**Q** 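Pasting in a structure now, in structure tokens, and then I'll have a few things to ask.
Note on naming: letters A, B, ... go to the chains in the order of the sequence lines (proteins, then strands), and numbering restarts at 1 for each one. All values reported here derive from a predicted model rather than from experimental measurement.
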Amino acid sequence: MPVNLQDYQKKEYDVECDGRTTKLKPIKVWTLAPKGRKGVVIGLFKCPNGKTIRKSIGKIEP
DNA sequence: GTAATTGA
DNA sequence: TCAATTAC
């Protein structure tokens, strides 16, 4: 089924914060893909420790 | 290197 | 302005 960025926004993902795996909702999501090639969906997460990290949370086909 | 995004 | 994110 088709999945859009809003769907990624609502789910939670396991991210490594400060050596601890935490489930977080992404602050922001976008696709990262070179022209004509497949790419990934990047999520931006705010860790409990205050650090902001990016993580791939999905794959995108051209 | 390329792609978009933003914290640092 | 750069690092970092993924995978090709």
**Q** What distance separates R54(A) CZ from F45(A) CZ, expressed to the nearest 0.5 Å?
**A** 11.5 Å
**Q** Nearest to the side chain of R37(A), which nucleotide is it out of dT5(B), dT6(C), dT2(B)?
**A** dT2(B)
**Q** To the nearest angstrom, how far is E61(A) atom CD from dT6(C) atom P?
**A** 19 Å
**Q** What is the distance from NZ of K59(A) to C1' of dA3(B), rounded to the nearest Å?
**A** 16 Å
**Q** Could you state the CG-C1' distance from L5(A) to dT5(B), rounded to the nearest angstrom?
**A** 12 Å
**Q** Rounded to the nearest 0.5 Å, how far does NZ of K59(A) lie from NZ of K38(A)?
**A** 6.5 Å
**Q** Supply the atom-to-atom distance K55(A) NZ to I53(A) CD1, rounded to the nearest 0.5 angstrom.
**A** 8.0 Å
**Q** Atom CD1 of I42(A) and atom C1' of dA7(C): how far apart are they, to the nearest Å?
**A** 10 Å
**Q** As a test of reading the structure: which of dG7(B), dT6(C), dT6(B) is closest to the side chain of T52(A), going by heavy atoms?
**A** dG7(B)
**Q** Measure from CD1 on I57(A) to C1' on dT5(B) and round the result to the nearest Å.
**A** 13 Å
**Q** Kindly point out which of dT2(B), dT6(B), dA4(B) is positioned nearest to the side chain of W30(A)?
**A** dA4(B)
**Q** I need the CZ-C1' distance between F45(A) and dA8(B), as an integer number of Å.
**A** 19 Å
**Q** How long is the line joining NZ of K28(A) and P of dG7(B), in whole Å?
**A** 9 Å
**Q** In this structure, how many angstroms lie between the C1' atom of dA4(B) and the NZ atom of K55(A), rounded?
**A** 19 Å
**Q** By nearest nucleotide on DNA chain B, pick out whichever of K46(A) and K35(A) is the more 5' one.
**A** K35(A)
**Q** Rounded to the nearest 0.5 Å, what separation is found between the NZ atom of K10(A) and the CD atom of Q6(A)?
**A** 7.0 Å
**Q** So does K51(A) get a side-chain nitrogen or oxygen closer than 4.0 Å to the phosphate oxygens (OP1/OP2) of dG7(B)?
**A** no
**Q** Looking at the side chain of S56(A), which of dT2(B), dT6(C), dT6(B) is the nearest nucleotide?
**A** dT6(C)
**Q** Return the NZ to CD1 distance between K28(A) and I42(A), rounded to the nearest 0.5 Å.
**A** 14.0 Å
**Q** Look at K38(A) and dA7(C) and indicate whether a side-chain polar atom (N or O) is within less than 4.0 Å of OP1 or OP2.
**A** no
**Q** Using a 4.0 Å heavy-atom cut-off, does L32(A) contact any base of the nucleic acid, only the sugar-phosphate backbone, or nothing at all?
**A** base
